[in-house]
Amino acid sequence: MVGLSIGEQHFVKGGIAQDLRTDGRKRLTYRPIYVETGVIPQANGSARVKIGGTDVIASVKAEIGRPSSLQPDKGKVAVFIDCSPTAEPTFGGRGGEELSSELALALQRCLLGGKSGAGAGINLSSLLIKEGKVCWDLYIDGLVISSDGNLLDALGAAIKAALTNTAIPKVNVSAEVADDEQPEIDISDEEYLQFDTSSVPVIVTLTKVGMHYIVDATAEEESQMSSAVSISVNRVGHICGLTKRGGCGLDPSVILDMISVAKHVTETLMSKLDSEISAAEACEDES
Amino acid sequence: MSAKPGAATPTYSPKVVGRSRLPIFKDSDLDWSRPDGRGFPQCRPALLQTGAVSSASGSAYAEFGNTKVIVSVFGPRESKKAMTYSDVGRLNCNVSYTTFASPTLGQGTDHKEFSSMLHKALEGVIMMETFPKTTVDVFALVLESGGSDLSVVISCASLALADAGIMMYDLITAVSVSCIGKNLMIDPVTEEEGCEDGSFMMTCMPSRYEVTQLTVTGEWTTPNINEAMQLCLDACSKLGEIMRDCLKQAASASDE
(Lines give C-alpha, C1' and ligand atoms only; values in the text may rest on other atoms or scores of the structure.)
Protein backbone atom coordinates (compact mmCIF):
# COMPACT_ATOMS: atom_id res chain seq x y z
CA MET A 1 0.00 0.00 0.00
CA VAL A 2 1.33 3.39 -1.00
CA GLY A 3 2.00 5.67 1.95
CA LEU A 4 -0.15 8.70 2.54
CA SER A 5 1.20 12.22 2.28
CA ILE A 6 0.69 14.62 5.15
CA GLY A 7 -2.13 16.34 3.26
CA GLU A 8 -3.89 13.05 2.63
CA GLN A 9 -3.53 12.08 6.29
CA HIS A 10 -5.17 15.34 7.37
CA PHE A 11 -7.91 14.77 4.80
CA VAL A 12 -8.70 11.31 6.15
CA LYS A 13 -8.65 12.39 9.79
CA GLY A 14 -10.59 15.60 9.17
CA GLY A 15 -13.24 13.81 7.16
CA ILE A 16 -13.79 11.28 9.91
CA ALA A 17 -14.12 14.06 12.45
CA GLN A 18 -16.87 15.57 10.31
CA ASP A 19 -18.68 12.25 9.75
CA LEU A 20 -17.83 12.25 6.04
CA ARG A 21 -15.25 9.68 5.01
CA THR A 22 -13.23 9.73 1.79
CA ASP A 23 -15.69 7.42 0.02
CA GLY A 24 -18.70 9.40 1.22
CA ARG A 25 -19.78 7.03 3.97
CA LYS A 26 -20.82 8.00 7.46
CA ARG A 27 -18.73 6.77 10.38
CA LEU A 28 -20.96 3.80 11.19
CA THR A 29 -21.82 2.68 7.67
CA TYR A 30 -20.53 -0.50 6.09
CA ARG A 31 -19.46 -0.80 2.48
CA PRO A 32 -21.75 -2.94 0.33
CA ILE A 33 -21.36 -6.59 1.30
CA TYR A 34 -21.54 -9.27 -1.37
CA VAL A 35 -21.86 -12.93 -0.37
CA GLU A 36 -21.58 -15.98 -2.57
CA THR A 37 -21.87 -19.51 -1.14
CA GLY A 38 -20.84 -22.90 -2.43
CA VAL A 39 -17.81 -21.56 -4.30
CA ILE A 40 -15.65 -24.59 -3.49
CA PRO A 41 -17.46 -27.80 -4.45
CA GLN A 42 -14.85 -30.05 -2.80
CA ALA A 43 -15.41 -28.59 0.63
CA ASN A 44 -18.31 -29.36 2.92
CA GLY A 45 -19.18 -25.68 2.96
CA SER A 46 -17.68 -22.53 1.53
CA ALA A 47 -18.39 -18.88 0.97
CA ARG A 48 -16.84 -15.83 -0.62
CA VAL A 49 -17.43 -12.41 0.88
CA LYS A 50 -16.52 -9.08 -0.65
CA ILE A 51 -16.71 -5.92 1.44
CA GLY A 52 -15.67 -3.11 -0.85
CA GLY A 53 -12.16 -3.99 -1.95
CA THR A 54 -11.62 -6.71 0.63
CA ASP A 55 -12.20 -10.18 -0.79
CA VAL A 56 -11.99 -13.34 1.33
CA ILE A 57 -12.96 -16.97 0.91
CA ALA A 58 -13.78 -19.32 3.77
CA SER A 59 -14.10 -23.07 3.46
CA VAL A 60 -15.18 -25.71 5.94
CA LYS A 61 -14.00 -29.30 5.69
CA ALA A 62 -15.20 -32.01 8.02
CA GLU A 63 -13.13 -35.09 8.66
CA ILE A 64 -13.56 -38.02 10.97
CA GLY A 65 -11.32 -37.80 13.98
CA ARG A 66 -10.91 -38.77 17.60
CA PRO A 67 -12.08 -36.47 20.39
CA SER A 68 -9.35 -35.22 22.71
CA SER A 69 -9.01 -37.05 26.00
CA LEU A 70 -9.67 -33.85 27.96
CA GLN A 71 -13.05 -33.33 26.32
CA PRO A 72 -14.38 -36.67 25.11
CA ASP A 73 -17.89 -35.41 24.48
CA LYS A 74 -17.00 -32.69 22.02
CA GLY A 75 -15.84 -32.44 18.44
CA LYS A 76 -12.90 -30.27 17.43
CA VAL A 77 -12.66 -27.11 15.39
CA ALA A 78 -9.48 -25.61 13.99
CA VAL A 79 -9.28 -22.24 12.28
CA PHE A 80 -6.47 -21.39 9.87
CA ILE A 81 -6.10 -18.17 7.96
CA ASP A 82 -3.83 -17.66 4.99
CA CYS A 83 -3.00 -14.20 3.76
CA SER A 84 -2.18 -14.73 0.11
CA PRO A 85 0.59 -12.70 -1.57
CA THR A 86 -1.94 -11.64 -4.19
CA ALA A 87 -3.40 -9.34 -1.55
CA GLU A 88 -0.16 -7.67 -0.57
CA PRO A 89 3.35 -8.44 -1.82
CA THR A 90 4.56 -8.31 1.79
CA PHE A 91 2.43 -11.37 2.56
CA GLY A 92 4.68 -13.62 0.48
CA GLY A 93 6.83 -16.19 2.29
CA ARG A 94 6.72 -15.60 6.03
CA GLY A 95 5.54 -12.02 5.86
CA GLY A 96 1.88 -12.67 6.36
CA GLU A 97 2.39 -15.24 9.12
CA GLU A 98 2.01 -12.84 12.03
CA LEU A 99 -1.16 -11.31 10.65
CA SER A 100 -2.57 -14.75 9.80
CA SER A 101 -2.01 -16.12 13.28
CA GLU A 102 -3.46 -13.00 14.87
CA LEU A 103 -6.59 -13.24 12.73
CA ALA A 104 -6.91 -16.98 13.35
CA LEU A 105 -6.61 -16.47 17.10
CA ALA A 106 -9.25 -13.73 17.13
CA LEU A 107 -11.65 -15.84 15.07
CA GLN A 108 -11.08 -18.93 17.18
CA ARG A 109 -11.79 -16.88 20.29
CA CYS A 110 -15.08 -15.61 18.88
CA LEU A 111 -16.30 -18.96 17.60
CA LEU A 112 -15.35 -21.27 20.40
CA GLY A 113 -16.23 -19.33 23.54
CA GLY A 114 -14.92 -20.11 26.99
CA LYS A 115 -13.06 -23.25 28.00
CA SER A 116 -16.19 -24.91 29.27
CA GLY A 117 -17.88 -24.27 25.95
CA ALA A 118 -20.25 -21.59 27.14
CA GLY A 119 -20.99 -18.91 24.60
CA ALA A 120 -19.66 -20.92 21.71
CA GLY A 121 -20.91 -20.05 18.26
CA ILE A 122 -20.51 -23.63 17.14
CA ASN A 123 -22.05 -26.30 19.32
CA LEU A 124 -19.17 -28.76 19.64
CA SER A 125 -21.37 -31.48 21.11
CA SER A 126 -23.29 -31.64 17.85
CA LEU A 127 -20.07 -32.78 16.17
CA LEU A 128 -19.87 -35.88 18.32
CA ILE A 129 -20.51 -39.29 16.79
CA LYS A 130 -19.51 -41.68 19.54
CA GLU A 131 -18.30 -40.42 22.88
CA GLY A 132 -14.58 -40.80 23.41
CA LYS A 133 -14.06 -42.55 20.09
CA VAL A 134 -15.31 -40.80 16.98
CA CYS A 135 -16.13 -37.20 16.28
CA TRP A 136 -16.08 -34.71 13.45
CA ASP A 137 -13.05 -32.45 13.12
CA LEU A 138 -13.97 -29.20 11.44
CA TYR A 139 -11.19 -27.43 9.61
CA ILE A 140 -12.17 -23.86 8.83
CA ASP A 141 -9.80 -22.20 6.38
CA GLY A 142 -9.84 -18.57 5.44
CA LEU A 143 -8.03 -17.16 2.44
CA VAL A 144 -7.47 -13.44 1.98
CA ILE A 145 -7.40 -12.69 -1.74
CA SER A 146 -7.54 -8.93 -1.67
CA SER A 147 -7.04 -6.70 1.33
CA ASP A 148 -8.54 -3.24 1.63
CA GLY A 149 -8.97 -3.05 5.37
CA ASN A 150 -11.35 -4.71 7.80
CA LEU A 151 -10.09 -8.24 7.25
CA LEU A 152 -11.47 -9.57 10.51
CA ASP A 153 -15.07 -8.55 9.83
CA ALA A 154 -14.93 -9.98 6.32
CA LEU A 155 -13.47 -13.27 7.57
CA GLY A 156 -16.07 -13.47 10.31
CA ALA A 157 -18.86 -12.94 7.79
CA ALA A 158 -17.33 -15.47 5.38
CA ILE A 159 -17.05 -18.11 8.11
CA LYS A 160 -20.64 -17.51 9.14
CA ALA A 161 -21.78 -17.90 5.54
CA ALA A 162 -19.59 -20.96 5.00
CA LEU A 163 -21.01 -22.63 8.12
CA THR A 164 -24.55 -21.93 6.93
CA ASN A 165 -23.59 -23.62 3.68
CA THR A 166 -21.96 -26.59 5.41
CA ALA A 167 -23.54 -29.98 5.04
CA ILE A 168 -22.10 -32.73 7.19
CA PRO A 169 -22.85 -36.27 6.03
CA LYS A 170 -24.88 -38.46 8.32
CA VAL A 171 -22.90 -41.17 10.05
CA ASN A 172 -24.23 -44.51 11.18
CA VAL A 173 -22.23 -46.27 13.84
CA SER A 174 -22.35 -49.89 12.75
CA ALA A 175 -21.72 -52.42 15.45
CA GLU A 176 -21.39 -52.22 19.20
CA VAL A 177 -17.77 -52.94 19.95
CA ALA A 178 -15.66 -53.34 23.06
CA ASP A 179 -14.38 -50.19 24.76
CA ASP A 180 -10.87 -50.26 23.42
CA GLU A 181 -11.71 -50.86 19.78
CA GLN A 182 -12.68 -48.30 17.19
CA PRO A 183 -16.29 -48.73 16.11
CA GLU A 184 -17.09 -49.19 12.46
CA ILE A 185 -18.74 -46.20 10.93
CA ASP A 186 -20.67 -45.84 7.76
CA ILE A 187 -20.67 -42.39 6.17
CA SER A 188 -23.78 -41.85 4.16
CA ASP A 189 -23.51 -40.32 0.70
CA GLU A 190 -27.06 -39.07 0.41
CA GLU A 191 -28.22 -37.81 3.75
CA TYR A 192 -26.75 -34.61 5.08
CA LEU A 193 -27.20 -32.54 8.22
CA GLN A 194 -27.23 -28.80 7.96
CA PHE A 195 -25.30 -26.91 10.52
CA ASP A 196 -27.17 -24.76 13.03
CA THR A 197 -25.61 -21.31 12.73
CA SER A 198 -28.12 -19.22 14.64
CA SER A 199 -25.62 -18.64 17.43
CA VAL A 200 -22.60 -17.87 15.28
CA PRO A 201 -21.66 -14.27 16.11
CA VAL A 202 -20.63 -11.47 13.78
CA ILE A 203 -17.50 -9.47 14.36
CA VAL A 204 -17.48 -5.69 14.25
CA THR A 205 -14.18 -3.85 14.26
CA LEU A 206 -14.26 -0.30 15.57
CA THR A 207 -11.25 1.74 14.59
CA LYS A 208 -10.40 4.82 16.58
CA VAL A 209 -9.04 7.64 14.48
CA GLY A 210 -8.50 10.82 16.44
CA MET A 211 -11.48 11.25 18.74
CA HIS A 212 -14.01 9.22 16.78
CA TYR A 213 -14.68 5.61 15.94
CA ILE A 214 -15.41 4.27 12.49
CA VAL A 215 -16.73 0.96 11.37
CA ASP A 216 -15.34 -0.94 8.36
CA ALA A 217 -12.11 1.00 7.86
CA THR A 218 -10.38 0.91 4.49
CA ALA A 219 -6.63 0.27 4.37
CA GLU A 220 -5.99 4.04 4.18
CA GLU A 221 -8.04 4.71 7.28
CA GLU A 222 -6.40 1.80 9.12
CA SER A 223 -3.00 3.35 8.54
CA GLN A 224 -4.17 6.41 10.48
CA MET A 225 -5.71 4.57 13.39
CA SER A 226 -4.58 4.91 16.95
CA SER A 227 -6.17 1.66 18.07
CA ALA A 228 -8.83 -0.81 17.03
CA VAL A 229 -11.22 -2.93 19.05
CA SER A 230 -12.88 -5.96 17.47
CA ILE A 231 -16.06 -6.98 19.23
CA SER A 232 -18.04 -10.07 18.44
CA VAL A 233 -21.71 -9.92 19.36
CA ASN A 234 -24.19 -12.73 18.99
CA ARG A 235 -27.88 -12.60 18.16
CA VAL A 236 -28.93 -12.19 21.79
CA GLY A 237 -26.74 -9.14 22.27
CA HIS A 238 -24.08 -10.75 24.43
CA ILE A 239 -20.41 -10.16 23.79
CA CYS A 240 -18.76 -13.33 22.54
CA GLY A 241 -15.23 -12.06 22.23
CA LEU A 242 -13.28 -8.87 22.31
CA THR A 243 -9.79 -8.13 21.10
CA LYS A 244 -8.09 -4.80 21.36
CA ARG A 245 -5.36 -4.33 18.81
CA GLY A 246 -3.13 -1.39 18.20
CA GLY A 247 -0.65 0.19 20.55
CA CYS A 248 -2.32 3.27 21.98
CA GLY A 249 -3.96 3.11 25.36
CA LEU A 250 -7.68 3.66 25.64
CA ASP A 251 -9.66 5.00 28.54
CA PRO A 252 -11.92 2.28 30.00
CA SER A 253 -15.01 4.43 29.46
CA VAL A 254 -14.12 4.65 25.77
CA ILE A 255 -14.03 0.87 25.56
CA LEU A 256 -17.43 0.56 27.22
CA ASP A 257 -18.78 3.14 24.80
CA MET A 258 -17.32 1.18 21.88
CA ILE A 259 -19.08 -1.94 23.15
CA SER A 260 -22.46 -0.23 23.09
CA VAL A 261 -21.79 1.22 19.62
CA ALA A 262 -20.77 -2.24 18.42
CA LYS A 263 -23.98 -3.77 19.75
CA HIS A 264 -25.99 -1.16 17.93
CA VAL A 265 -24.11 -1.70 14.66
CA THR A 266 -24.37 -5.48 15.00
CA GLU A 267 -28.15 -5.43 14.75
CA THR A 268 -28.10 -3.91 11.28
CA LEU A 269 -25.07 -5.94 10.20
CA MET A 270 -26.55 -9.25 11.40
CA SER A 271 -29.82 -8.73 9.57
CA LYS A 272 -28.04 -7.56 6.40
CA LEU A 273 -25.71 -10.55 6.50
CA ASP A 274 -28.59 -12.97 7.11
CA SER A 275 -30.50 -11.67 4.11
CA GLU A 276 -27.39 -11.75 1.91
CA ILE A 277 -26.59 -15.31 2.98
CA SER A 278 -30.10 -16.58 2.35
CA ALA A 279 -30.14 -14.84 -1.03
CA ALA A 280 -26.82 -16.48 -1.89
CA GLU A 281 -28.06 -19.90 -0.77
CA ALA A 282 -31.21 -19.45 -2.86
CA CYS A 283 -29.09 -18.51 -5.89
CA GLU A 284 -26.94 -21.56 -5.39
CA ASP A 285 -29.96 -23.85 -5.11
CA GLU A 286 -31.35 -22.63 -8.39
CA SER A 287 -28.13 -23.10 -10.37
CA MET B 1 18.16 -8.42 47.50
CA SER B 2 14.75 -9.84 48.03
CA ALA B 3 11.67 -7.70 48.07
CA LYS B 4 8.56 -9.20 49.57
CA PRO B 5 6.04 -6.40 49.63
CA GLY B 6 3.16 -8.83 49.62
CA ALA B 7 4.24 -10.60 52.84
CA ALA B 8 2.50 -8.14 55.13
CA THR B 9 -0.93 -8.52 53.52
CA PRO B 10 -3.46 -10.44 55.60
CA THR B 11 -5.01 -11.91 52.47
CA TYR B 12 -2.55 -14.76 52.18
CA SER B 13 -3.94 -18.12 53.17
CA PRO B 14 -2.11 -21.40 52.75
CA LYS B 15 -3.11 -23.67 49.91
CA VAL B 16 -5.70 -26.25 50.82
CA VAL B 17 -4.02 -29.62 50.50
CA GLY B 18 -6.25 -31.80 48.41
CA ARG B 19 -5.29 -34.03 45.54
CA SER B 20 -8.84 -34.76 44.48
CA ARG B 21 -9.87 -33.61 41.02
CA LEU B 22 -12.34 -30.77 41.10
CA PRO B 23 -15.52 -31.80 39.34
CA ILE B 24 -16.43 -29.98 36.18
CA PHE B 25 -19.99 -28.89 36.76
CA LYS B 26 -22.26 -26.69 34.79
CA ASP B 27 -24.84 -25.81 37.45
CA SER B 28 -25.00 -22.09 37.62
CA ASP B 29 -26.76 -22.04 40.98
CA LEU B 30 -23.94 -23.82 42.80
CA ASP B 31 -21.53 -21.34 44.26
CA TRP B 32 -17.92 -21.99 43.40
CA SER B 33 -15.52 -21.99 46.34
CA ARG B 34 -11.96 -21.23 45.36
CA PRO B 35 -9.44 -24.03 45.93
CA ASP B 36 -7.04 -21.79 47.84
CA GLY B 37 -9.70 -20.23 50.01
CA ARG B 38 -9.58 -16.75 48.51
CA GLY B 39 -12.57 -14.51 48.11
CA PHE B 40 -13.76 -13.77 44.57
CA PRO B 41 -12.21 -10.30 44.32
CA GLN B 42 -8.94 -11.33 45.98
CA CYS B 43 -5.72 -11.66 44.06
CA ARG B 44 -2.96 -14.01 45.02
CA PRO B 45 -0.15 -12.38 47.02
CA ALA B 46 2.65 -11.32 44.70
CA LEU B 47 6.36 -11.90 45.11
CA LEU B 48 8.38 -9.68 42.77
CA GLN B 49 12.15 -9.46 42.47
CA THR B 50 14.38 -7.66 40.03
CA GLY B 51 17.90 -8.55 39.03
CA ALA B 52 17.25 -12.28 38.88
CA VAL B 53 19.51 -12.80 35.85
CA SER B 54 22.83 -11.02 36.20
CA SER B 55 23.93 -11.38 32.57
CA ALA B 56 20.85 -9.62 31.17
CA SER B 57 20.35 -5.87 30.81
CA GLY B 58 17.36 -6.22 33.10
CA SER B 59 15.40 -9.06 34.57
CA ALA B 60 12.61 -9.87 36.96
CA TYR B 61 11.18 -12.87 38.75
CA ALA B 62 7.54 -13.06 39.75
CA GLU B 63 5.66 -15.56 41.86
CA PHE B 64 1.89 -15.31 42.05
CA GLY B 65 0.80 -18.31 44.05
CA ASN B 66 1.92 -21.27 41.98
CA THR B 67 2.64 -19.31 38.81
CA LYS B 68 6.38 -18.64 38.63
CA VAL B 69 7.81 -16.61 35.78
CA ILE B 70 11.23 -15.22 35.02
CA VAL B 71 11.74 -12.55 32.36
CA SER B 72 15.01 -11.22 31.03
CA VAL B 73 15.50 -8.22 28.78
CA PHE B 74 18.47 -7.80 26.46
CA GLY B 75 19.08 -4.52 24.76
CA PRO B 76 18.94 -2.18 23.12
CA ARG B 77 21.38 -4.08 20.94
CA GLU B 78 22.21 -4.15 17.28
CA SER B 79 19.47 -5.45 14.99
CA LYS B 80 20.43 -8.78 13.47
CA LYS B 81 20.79 -9.49 9.77
CA ALA B 82 21.24 -5.82 8.83
CA MET B 83 17.52 -5.12 8.68
CA THR B 84 16.34 -2.06 6.84
CA TYR B 85 16.82 1.20 8.63
CA SER B 86 14.01 2.24 10.89
CA ASP B 87 13.92 5.34 13.01
CA VAL B 88 12.03 3.56 15.74
CA GLY B 89 13.38 0.66 17.70
CA ARG B 90 12.23 -2.92 17.38
CA LEU B 91 10.80 -5.17 20.00
CA ASN B 92 11.18 -8.93 19.92
CA CYS B 93 9.25 -11.04 22.43
CA ASN B 94 9.35 -14.70 23.19
CA VAL B 95 7.38 -16.64 25.77
CA SER B 96 8.30 -20.23 26.42
CA TYR B 97 7.27 -22.85 28.92
CA THR B 98 9.63 -25.27 30.59
CA THR B 99 8.71 -28.90 30.07
CA PHE B 100 8.00 -29.27 33.79
CA ALA B 101 5.78 -26.18 33.98
CA SER B 102 2.47 -28.00 33.90
CA PRO B 103 1.39 -31.28 35.55
CA THR B 104 1.02 -32.97 32.16
CA LEU B 105 4.23 -33.25 30.15
CA GLY B 106 4.39 -30.74 27.34
CA GLN B 107 2.21 -27.70 27.00
CA GLY B 108 -0.98 -27.15 25.05
CA THR B 109 -1.16 -24.88 22.05
CA ASP B 110 -1.77 -21.73 24.08
CA HIS B 111 1.78 -20.52 24.49
CA LYS B 112 2.47 -19.99 20.81
CA GLU B 113 0.16 -17.02 20.84
CA PHE B 114 1.50 -15.65 24.11
CA SER B 115 4.58 -14.25 22.40
CA SER B 116 2.53 -12.12 20.04
CA MET B 117 0.16 -11.10 22.83
CA LEU B 118 3.10 -10.01 24.98
CA HIS B 119 4.43 -8.05 22.02
CA LYS B 120 1.07 -6.29 21.57
CA ALA B 121 0.89 -5.45 25.25
CA LEU B 122 4.40 -3.98 25.36
CA GLU B 123 4.53 -2.14 22.03
CA GLY B 124 2.10 0.53 23.18
CA VAL B 125 4.00 1.42 26.31
CA ILE B 126 7.67 1.36 25.28
CA MET B 127 9.01 4.56 23.77
CA MET B 128 10.42 2.98 20.64
CA GLU B 129 11.79 6.24 19.28
CA THR B 130 14.41 6.34 22.05
CA PHE B 131 16.38 3.42 20.57
CA PRO B 132 16.34 3.70 16.77
CA LYS B 133 18.07 1.07 14.62
CA THR B 134 18.36 -1.29 17.60
CA THR B 135 16.31 -4.13 19.03
CA VAL B 136 15.14 -4.88 22.52
CA ASP B 137 14.65 -8.60 23.20
CA VAL B 138 12.27 -9.75 25.90
CA PHE B 139 12.46 -13.42 26.84
CA ALA B 140 9.93 -14.86 29.26
CA LEU B 141 10.20 -18.31 30.76
CA VAL B 142 7.32 -19.81 32.68
CA LEU B 143 8.82 -22.08 35.31
CA GLU B 144 5.53 -23.23 36.75
CA SER B 145 2.09 -22.64 35.34
CA GLY B 146 -0.47 -22.12 38.06
CA GLY B 147 -3.09 -20.02 36.27
CA SER B 148 -3.27 -16.50 34.81
CA ASP B 149 0.06 -17.16 33.12
CA LEU B 150 -0.06 -14.42 30.51
CA SER B 151 -1.03 -11.73 33.02
CA VAL B 152 1.90 -12.61 35.25
CA VAL B 153 4.25 -12.69 32.25
CA ILE B 154 3.16 -9.22 31.13
CA SER B 155 3.52 -7.67 34.58
CA CYS B 156 6.89 -9.34 35.10
CA ALA B 157 8.09 -8.21 31.64
CA SER B 158 7.23 -4.61 32.42
CA LEU B 159 9.21 -4.88 35.66
CA ALA B 160 12.17 -6.35 33.77
CA LEU B 161 12.04 -3.55 31.20
CA ALA B 162 12.07 -0.98 34.00
CA ASP B 163 15.03 -2.80 35.54
CA ALA B 164 16.82 -2.61 32.18
CA GLY B 165 16.26 1.12 31.97
CA ILE B 166 14.19 1.01 28.75
CA MET B 167 12.10 4.15 28.56
CA MET B 168 8.39 3.56 28.94
CA TYR B 169 5.33 5.75 29.28
CA ASP B 170 4.28 3.89 32.42
CA LEU B 171 4.56 0.48 34.06
CA ILE B 172 1.96 -1.93 32.74
CA THR B 173 0.13 -4.42 34.85
CA ALA B 174 -2.12 -7.21 33.67
CA VAL B 175 -4.86 -9.01 35.50
CA SER B 176 -7.35 -11.60 34.35
CA VAL B 177 -10.85 -12.37 35.54
CA SER B 178 -12.68 -15.66 35.06
CA CYS B 179 -16.42 -16.10 34.84
CA ILE B 180 -17.86 -19.36 36.19
CA GLY B 181 -21.63 -19.44 36.15
CA LYS B 182 -22.63 -16.10 37.57
CA ASN B 183 -19.47 -15.61 39.63
CA LEU B 184 -16.61 -13.40 38.56
CA MET B 185 -13.30 -14.28 40.13
CA ILE B 186 -10.07 -12.44 39.74
CA ASP B 187 -6.65 -14.02 39.17
CA PRO B 188 -7.89 -17.56 38.44
CA VAL B 189 -5.81 -20.66 39.13
CA THR B 190 -5.45 -23.52 36.67
CA GLU B 191 -8.46 -25.45 37.95
CA GLU B 192 -10.69 -22.40 37.63
CA GLU B 193 -9.38 -21.64 34.15
CA GLY B 194 -10.07 -25.18 33.07
CA CYS B 195 -13.81 -24.92 33.66
CA GLU B 196 -14.41 -21.23 33.11
CA ASP B 197 -17.28 -19.94 31.03
CA GLY B 198 -15.44 -16.85 29.96
CA SER B 199 -12.17 -15.05 30.52
CA PHE B 200 -11.35 -11.36 30.57
CA MET B 201 -7.70 -10.30 30.48
CA MET B 202 -6.81 -6.65 30.73
CA THR B 203 -3.47 -4.89 30.56
CA CYS B 204 -3.43 -1.32 31.70
CA MET B 205 -1.19 1.57 32.62
CA PRO B 206 -2.24 2.29 36.20
CA SER B 207 -1.01 5.87 36.53
CA ARG B 208 -2.42 6.98 33.19
CA TYR B 209 -5.66 5.00 33.71
CA GLU B 210 -5.49 3.64 30.16
CA VAL B 211 -6.12 0.16 28.85
CA THR B 212 -3.48 -1.07 26.40
CA GLN B 213 -4.76 -4.55 25.73
CA LEU B 214 -8.03 -6.29 26.32
CA THR B 215 -8.96 -9.86 25.46
CA VAL B 216 -12.36 -11.33 26.19
CA THR B 217 -13.51 -14.87 25.42
CA GLY B 218 -16.79 -16.57 26.19
CA GLU B 219 -20.21 -15.01 26.47
CA TRP B 220 -20.51 -11.81 28.51
CA THR B 221 -23.36 -9.44 29.20
CA THR B 222 -22.58 -5.73 29.41
CA PRO B 223 -23.07 -5.50 33.22
CA ASN B 224 -20.62 -8.39 33.65
CA ILE B 225 -18.08 -6.65 31.46
CA ASN B 226 -18.49 -3.46 33.49
CA GLU B 227 -17.95 -5.33 36.72
CA ALA B 228 -14.96 -7.25 35.38
CA MET B 229 -13.42 -4.02 34.12
CA GLN B 230 -13.79 -2.36 37.53
CA LEU B 231 -12.27 -5.37 39.28
CA CYS B 232 -9.34 -5.37 36.89
CA LEU B 233 -8.69 -1.63 37.14
CA ASP B 234 -8.64 -1.81 40.95
CA ALA B 235 -6.31 -4.79 40.98
CA CYS B 236 -4.06 -3.25 38.34
CA SER B 237 -3.54 -0.07 40.31
CA LYS B 238 -2.73 -2.04 43.48
CA LEU B 239 -0.32 -4.25 41.56
CA GLY B 240 1.25 -1.12 40.06
CA GLU B 241 1.95 0.15 43.59
CA ILE B 242 3.56 -3.15 44.55
CA MET B 243 5.76 -3.05 41.44
CA ARG B 244 6.87 0.50 42.17
CA ASP B 245 7.79 -0.45 45.74
CA CYS B 246 9.81 -3.34 44.44
CA LEU B 247 11.74 -1.09 42.05
CA LYS B 248 12.34 1.53 44.73
CA GLN B 249 13.67 -1.10 47.13
CA ALA B 250 15.94 -2.46 44.44
CA ALA B 251 17.23 1.01 43.64
CA SER B 252 17.85 1.90 47.30
CA ALA B 253 19.52 -1.45 47.97
CA SER B 254 21.98 -0.88 45.12
CA ASP B 255 22.73 2.61 46.43
CA GLU B 256 23.95 1.28 49.77
Side-chain angles (χ1 to χ4, degrees), chain A residues 68-71 73 76 78 97-106 108-121 199 201 226-260 262-263, chain B residues 24-26 28 91 104 108-110 112-117 119-126 128 169-170 172 178-181 188 192-205 208-222 224-226 228-230 232-233 236:
Chain A
S68 80
S69 46
L70 297 167
Q71 288 178 321
D73 58 343
K76 304 201 292 275
E97 227 179 83
E98 206 189 295
L99 180 60
S100 310
S101 46
E102 188 194 322
L103 290 169
L105 179 60
Q108 201 141 17
R109 190 178 290 141
C110 296
L111 288 171
L112 295 178
K115 293 246 174 71
S116 71
S199 48
S226 55
S227 50
V229 178
S230 296
I231 302 167
S232 143
V233 184
N234 68 6
R235 213 170 282 271
V236 194
H238 294 168
I239 316 278
C240 288
L242 196 157
T243 317
K244 180 195 173 293
R245 303 180 335 251
C248 275
L250 282 180
D251 200 82
S253 55
V254 166
I255 295 187
L256 293 171
D257 192 34
M258 278 181 158
I259 292 178
S260 55
K263 277 169 126 174
Chain B
I24 301 174
F25 61 93
K26 310 244 178 175
S28 53
L91 176 66
T104 57
T109 51
D110 282 351
K112 284 185 226 145
E113 294 108 25
F114 284 0
S115 308
S116 69
M117 288 169 86
H119 189 282
K120 292 241 171 316
L122 292 176
E123 69 181 355
V125 82
I126 298 180
M128 305 270 212
Y169 291 109
D170 191 7
I172 49 165
S178 246
C179 174
I180 299 186
E192 291 164 345
E193 279 185 337
C195 55
E196 65 186 0
D197 287 334
S199 81
F200 180 104
M201 196 205 72
M202 181 156 98
T203 310
C204 83
M205 298 197 257
R208 290 170 66 118
Y209 200 66
E210 271 180 13
V211 174
T212 53
Q213 195 193 36
L214 180 55
T215 310
V216 176
T217 58
E219 195 169 344
W220 291 76
T221 56
T222 316
N224 272 355
I225 287 209
N226 276 331
M229 201 172 268
Q230 279 314 307
C232 284
L233 286 168
C236 279

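Residue numbers start from 1 in every chain, and the chains themselves are labelled A, B, ... in the order their sequence lines are given, proteins ahead of strands. The model shown is predicted, which means the values in this text are computed figures rather than measured ones.
- Taking A:I231, A:T243, A:V229, A:L256 one by one and counting their heavy-atom pairs under 4.5 Å with chain B, the maximum is reached by A:L256.
- For B:S199, no part lies near chain A; criterion is any non-hydrogen pair under 4.5 Å.
- What you find for B:E210 and A:G249 is that their closest heavy atoms are OE1-CA, 3.4 Å.
- Taking the side chain as every heavy atom from C-beta outward, A:L242 and B:F200 never approach each other to under 4.5 Å.
- Contact detail for B:D197 and B:G181: the closest heavy-atom pair is OD2-N, 2.9 Å.
- Minimum heavy-atom separation, B:C204 to B:L233: SG-CD2, 4.2 Å.
- Shown here for A:C110 and A:S232, the closest heavy-atom pair between the two residues is SG-CB, 3.4 Å.
- Looking only at side-chain heavy atoms (C-beta outward), A:K263 and B:T222 come within less than 4.5 Å of each other.
- Of the two parts of B:L122, neither the backbone nor the side chain holds a non-hydrogen atom closer than 4.5 Å to a non-hydrogen atom of chain A.
- Comparing A:L250, A:D251, A:I259 by heavy-atom pairs within less than 4.5 Å of chain B, the highest count is held by A:L250.
- Residues B:L214 and B:M229 meet the side-chain proximity criterion, which asks for heavy atoms closer than 4.5 Å.
- Proximity to chain A is absent for every atom of B:M202, based on heavy atoms less than 4.5 angstrom apart.
- Neither the backbone nor the side chain of B:S116 comes within less than 4.5 Å of any heavy atom in chain A.
- Of the listed residues B:T215, B:V211, B:T212, the one with more heavy-atom pairs under 4.5 angstrom with chain A than any other is B:V211.
- In terms of non-hydrogen atom pairs under 4.5 Å with chain A, the most contact-rich of B:Q230, B:Q213, B:R208 is B:Q213.
- Most heavy-atom pairs under 4.5 Å with chain A: of the set B:G124, B:A121, B:C232, this distinction falls to B:G124.
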